[in-house]
Structures are given as structure tokens and as C-alpha cells.
K.L.:
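A single structure is presented below for examination.
These numbers were taken from a predicted model, which means no experiment stands behind them. Both backbone and side-chain heavy atoms feed into the values below; hydrogens, waters and symmetry mates do not.
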Amino acid sequence: MPAPYAHTPYVPPRFATRPFEAMEAIDYEAPLDAPRRARRVKAPSPRLIIRLLKWAILIGVWGGLAIAILLLWFTWDLPKPSAGTATLRRPSLVLTDMNGRLFTHFGDLSGQPLTLKTVPAYLPEAVVAVEDRRFWDHGGLDFLGMARATVVDLLAGHVVQGGSTLTQQVAKTLFLSNARTFRRKMQELLLTLWLTHHFTPTEILEIYLNRVYLGAGAWGMDAAALTYFGVPASQLNLWQAAMLAGLPRAPSRFNPLADQSAATARTKEVLAAMVRSNYITQDQATAAAAAISFAPRAVSGDYWFSSWAAQQAGPMIPPDTDSRLATTFDPKLQAAAQAALTDILAGPGAAANAHQGAVVVMDAATGAVRAIVGGSGGGHDFFNRAVLARRQAGSSFKAFVWLAALEAGMQPNDMVLDGPIRIGNWAPQDFERRFLGPVTMTKGLALSLNTVSARLLMKAGGPLVVGAVAHRLGITDALPDNATLALGTASVGLLEMTGAYATFFNGGRRVVPHGITGLYADGHDLVSAPPPATPVISSDLAAQMRQMLGAVVAYGTGAAAAVPGYFVGGKTGTTQSSRDAWFIGGVDGTIIGVWIGNDNDSPMSQTSTGGTLPAQLFHRVALAVTGQ
């Protein structure tokens, strides 16, 4: 037999599989049958153990400190959760019309507190369906929803879906801003955990319904229901509830005041989500979608009236308090007056170089203002010409001259000469450039004869007497102390002129133009009655003035203002070079005042008088007043 270890050296069978350190532990020079020595494991030294403990303590201390600093960074300005129910918002001023319906508001509007028991079931169902389908199942944080939203957003390359739950949205709404930062997101998560610990899901959903912002200054579902539909949230139908539920994603874009088509499309999306969540059937969703119909909006809205009424109430409104203002506003008359002015200016007004106008509609008996149109309403023009502008009254001021003459003892059928007259250096001329000779007072007013007005001014006692009469009826502006007052050289406001004319149609009482019937704040009734009308002329004189103003429309300069089947009385007014044109008159217990002209005082065409564009505009508004 061959000798052992001949030809080739011995290769250990485990050479290819054992680690290098293990191979070095084998004594290759020992006999093959020698027992392998037991491997000795050296116990760690006490010094190593102490060193490891020191490092563990240092890492624990510094790690804890780092975590504490991080938490402090997240929470140093975190609001107190207990204060979350006190939402910070601007105090609201709600305005209701003559029928008690809300038509506008200032500040941030908040409605009545809602519970799930006080609203239709489909309102919270719509919210859950479109905002957080797993709301009743997760504990405030929907990790599955977050993951799904992350995948969708990554595939789209931008934010398409949000993973926030309703509880997270409540945390953000109550406590935080809309800033998209990591720090704010961590604060949101901390507050979400606090909410889920202190409130039930039902309570959290109720907080959401009451505090979510829904556009147009409306906070909460009840405020939004009043703002967009004029009804409380308890009276919402299915499609209205779906529309409100869809607003939080983009309140300024989806609300019907901004874009009705966008609001309709979003409402249909919410209805589809309710079907997918098995809250309603497809047939119910189809029927609700077909019923979507938003009320038509007024031509220029209610800005002119609401801003004027709010300014009137301003000094009486308590600071930092939600208030409600009951007004005399009539939305139908407001829309009719604005539409009539817009049409007149766009048609015959443009041809006559007339580009602006104003309208006041007022109750003759009380002075309650039903509508105010302060201008054409185009662009960003917020100057209220009906309230703030002062323009020469022209012949519309002659009504005060005639009244002063009646008070001086004259009668409507007394004769007055229409002929040349000179008062100092002033010699008035009639518009027709011819004289009619002796005419009755009534005919002189109907034809707006300038020389007759000058003679009556002097017979009544002069400009001071006539000015005193005008002030007694409600004109507060300073008036010229000269005979030109007979032709209306005084600059006055349309609102005051309209209020003064009411005296001729209500039996002789002076009224104060007003738009407020009540102011309610913090449970108190601050204003409960409008200012009373007070007698300033006898009822007989008022009846005589009404009769003569009727002649102006029956056969005089105001014929275009006539309304079939109704008595109409009023007075035209035209200033030099047709810079201003007026018509103020009464019909069916209502006074309508109209002014047309240009802001820069440029003249209109020479054919533009109070008997043309203003009388035509009066006629259009009078048709709405009489229901024609």
C-alpha cells in the first residue's frame, strides 16, 4: 500500500465552506485521529461593559433630548385644543329683506348650531361620501386612504387626491392655517389624536358641519344654506345638501354665486359618490341632478342698497358682535330698476351721450326705501350716485316753488303771466323760446314754464322762503339765495329729492328715507321702529300739489311717464346744456326718483330732457311697481 501522505497533501474536507477564521483554528499538523481542541470564548471585560453602558446612556439622553426638541418645534405655537370651539372669524352683519329673507351679509356668516338629529340624513351622508368614505371605521387617521392618495398623486405627478380624514380637516379648520408644510402636517396629526380622544365620531362630524368654510363668508352648513338658498340647513333637499357637501374642496370656485355651472358639475360628483357609498340609489341621484336649479341673480345684485343700509346702521352696531339688520329692501323692484336703467343707458342713452344714472324707489307713506340703484353697475364702480352725488335739480325743484306760492295764498287755477321778466341782471327764458301769455298755475307747472316759476318765486317771498319750504320737506343741502333757484340751480341728492316728493303723495307728511326696520345683536333689539312721518303741510295743499303734478304727466312735459290704468304725477327736470335730466313722481303709493347724466358733467344731446330718458325709465320701473 502506498505510504500515507504520499504524492498529494491532505486537504481538509471543510476548506471550501468554513470561514477563514475557522480554518485557522484547526491544527493541520496534528495527527488525523487527534481530538480537536475545544474552542475557548473570551468573556467581555468589565471595562467593555462599562463603555457600552456609557454609550447607551449617552445615546438615550441625547436621543431623548433631540426628540424633545423636535416635539417642542412642532408644538411651541400649537393652539390649546380646549379653545378650538371658539372659531376666530369676523363678526357678521346679516341683512334680511322686507319679507324677512336673507339677501346679503357682511363679515363672516355663522348659522344656527346643527346636530345630526336636526338636519336631513343626506347632508352628513353626502359629506362622508365625498370627503371620507371610511370615516365611521377608522380612528381619525386613515392610513389606507393616505397610501392610496399617495400612489394616485405619484402617478399623476401632482396632488390629485388628499388623504386627510374629516377629523384631520376639523383639526385644520379649528386650529391651523392652510400652509402646506411638514411642520403644520405634524401639528395636524397631533391635534387629530387629541380630537379622537376627546370626541366621538358623531361629535366630530357635527363640529365639521358647523365650522367648515363654504365660501361667500359662510362658516358652517346652516350659514351656507341661508346664503345660497335662503333656507336653514334643516330644510335642504337632496341636491342642495350635495352641493354644500362639495364646496369645501374649492369654496370660491364651486359656489353658485361665483359659477353656477361649476357648482352644478360638482354637485353631480357628490351625488355619484353617494351612490357608490350606498347612501342613495342611482335613480335618486338622477332625479336630484335633474332638479338642480339656481335662482336667477339680479342684474347687479344688492350692493347699492345693502351698503347704504349698513352705513346707516354702522354707529348702532356693537363691536365684535354678530348682528342682524331687518330692512325695507324689495329684491324684485331692485332687479327691475337696475335692469331698466341698464337697458335705457345701453340703448337710447348711448345715442344721447348719457352714460350714467340712478334710481330710488320709496314707499310714499313711510319713506321706506324699496330699491336703490347707484349707477350702471359696470366694472368696479361703487360710487352710489343715488345717495352721494349732488347734481343741479333743474325744473324738478319747481315743485317747491309752486308749494310756496300755494302757502302764500295762490290757487292752482290762478293766472300767472308767461312773458319776459327781468330780476336784477337775470332774465329767464322758456325752453321753447316763446311765451304763452297768461296761464294757470297748473298749466305753468305742466309745461315747466321758467318765467312763471320766476314770478311765483317772487310772489311767494323770494328764494329764502322757497328754500325754507324745501328744507321743511327734507332737503338738507345749502340752497342759493337768488332768483335762479326758481329754475333749479340748487345742487341736491336724488334720495332726498325723492323723499321730499313723498310729502305731495301722502297727505302732507315729511318722511325720512330709511332702509332699516330692526337691528338685533347679542339677543337685544337695538332698533325696533322706523322714524315716524310728521305733518309739514296741510292735506289740502298736498292734494293740490298732487293734482298739479298729475297734469305734468297728463298733458305736460312728463307724458312718457304715464302708466295705463293708474294715476301718475311727477315733475321733469333738465339743467343747462342738458347736463342733468330728472323725473320724480308717484304711482300707486310709491315714489320713484330718476336721474340721468354723466359723471364728468359733460352735456347730453340737446334733445335729452327730463321728459325723455328719465320719464321713460320711470315708466319702466312703475310697471314693475304696479305688477305689469
Side-chain angles (χ1 to χ4, degrees), residues 81 83-89 92 94 102 105 107-140 142 145 162 164-176 178 188 191-192 194-196 198-252 254-256 263 266-267 269-271 273-274 277 279-280 288 322:
T85 54
T87 303
L88 296 178
R89 60 176 178 81
S92 66
V94 174
L102 183 148
H105 72 275
D108 295 333
L109 179 63
S110 181
Q112 294 298 315
L114 302 176
T115 66
L116 297 193
K117 295 180 179 180
T118 60
V119 297
Y122 38 74
L123 178 58
E125 290 172 351
V127 170
V128 171
V130 75
E131 292 291 340
D132 187 359
R133 292 181 62 183
R134 290 167 36 81
F135 172 74
W136 299 108
D137 299 324
H138 61 66
D142 187 1
S164 294
T165 64
L166 280 174
T167 310
Q168 288 175 269
Q169 293 183 49
V170 169
K172 181 176 68 174
T173 299
L174 292 184
F175 308 108
L176 303 171
N178 289 322
E188 178 186 300
L191 291 169
T192 298
W194 183 89
L195 285 170
T196 55
H198 287 82
F199 297 97
T200 66
T202 296
E203 292 170 333
I204 290 173
L205 183 54
E206 289 174 346
I207 293 173
Y208 180 90
L209 295 178
N210 285 298
R211 299 301 174 84
V212 64
Y213 181 65
L214 298 167
W219 293 85
M221 294 291 176
D222 195 61
L226 291 169
T227 299
Y228 300 127
F229 307 117
V231 299
S234 60
Q235 297 179 19
L236 291 170
N237 60 36
L238 176 55
W239 76 261
Q240 291 171 337
M243 194 216 78
L244 296 186
L247 287 176
R249 176 182 293 181
S252 61
F254 291 138
N255 83 68
R266 178 61 174 160
T267 301
E269 291 179 2
V270 176
L271 291 171
M274 295 180 72
S277 298
Y279 287 127
I280 60 175
D322 290 339

K.L.:
For E269, is the CD atom crowded, meaning more than 12 foreign heavy atoms sit under 6.0 Å from it?
P.N.:
yes

K.L.:
Of all the heavy-atom pairs spanning L226 and P232, show the shortest one and how long it is.
P.N.:
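Nearest pair, atom of L226 first, then P232: CD2-N, 3.8 Å.
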
K.L.:
Please give me the minimum heavy-atom distance between L244 and A224, naming the atom from each residue.
P.N.:
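Looking at all heavy atoms of both residues, the closest pair is CD2-CB, 3.8 Å.
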
K.L.:
Give me the atom names and distance for the closest heavy-atom approach of M243 to A263.
P.N.:
CG-O, 4.2 Å

K.L.:
Is R266 reaching over with its side chain to a backbone N or O of F254, donor-acceptor style, under 3.5 angstrom?
P.N.:
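A pair under 3.5 Å: no.
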
K.L.:
Is there a donor-acceptor pair under 3.5 Å between the side chain of T118 and the backbone N or O of L114?
P.N.:
no

K.L.:
Judged by atom type as modelled, is there a donor-acceptor pair below 3.5 Å linking the side chain of D322 to the main-chain atoms of S92?
P.N.:
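Yes, the answer is positive, given that a donor and an acceptor are paired below the 3.5 Å cut-off.
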
K.L.:
Show the nearest heavy-atom pair for residues A245 and V130, with the distance to one decimal.
P.N.:
O-CG1, 3.6 Å

K.L.:
Can you tell me how far apart CD1 (I280) and CE (M274) are? Round to the nearest 0.5 Å.
P.N.:
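So the gap between those two atoms works out to 4.5 Å.
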
K.L.:
Between Y122 and L236, is there a donor-acceptor pair closer than 3.5 Å when you use the side chain of the first and the backbone of the second?
P.N.:
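Present.
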
K.L.:
Do W136 and L205 have side-chain heavy atoms sitting under 4.5 Å apart?
P.N.:
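W136 vs L205: side chains touch.
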
K.L.:
Answer whether the closest heavy-atom distance between the side chains of N237 and F229 falls below 4.5 Å.
P.N.:
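Heavy-atom side-chain distance check fails, nothing below 4.5 Å.
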
K.L.:
Report the distance from atom CD of Q240 to atom CE of M221, rounding to the nearest 0.5 Å.
P.N.:
13.0 Å

K.L.:
Do the rings of W219 and Y213 sit parallel, tilted or perpendicular, given the 30° and 60° boundaries?
P.N.:
tilted

K.L.:
Write down the atom of R249, the atom of E131, and the distance for their closest heavy-atom approach.
P.N.:
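Here R249 and E131 meet closest at N-OE2, 4.4 Å.
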
K.L.:
So, for L247 and L214, which heavy atoms are closest and what is the spacing to 0.1 Å?
P.N.:
CD1-O, 3.5 Å

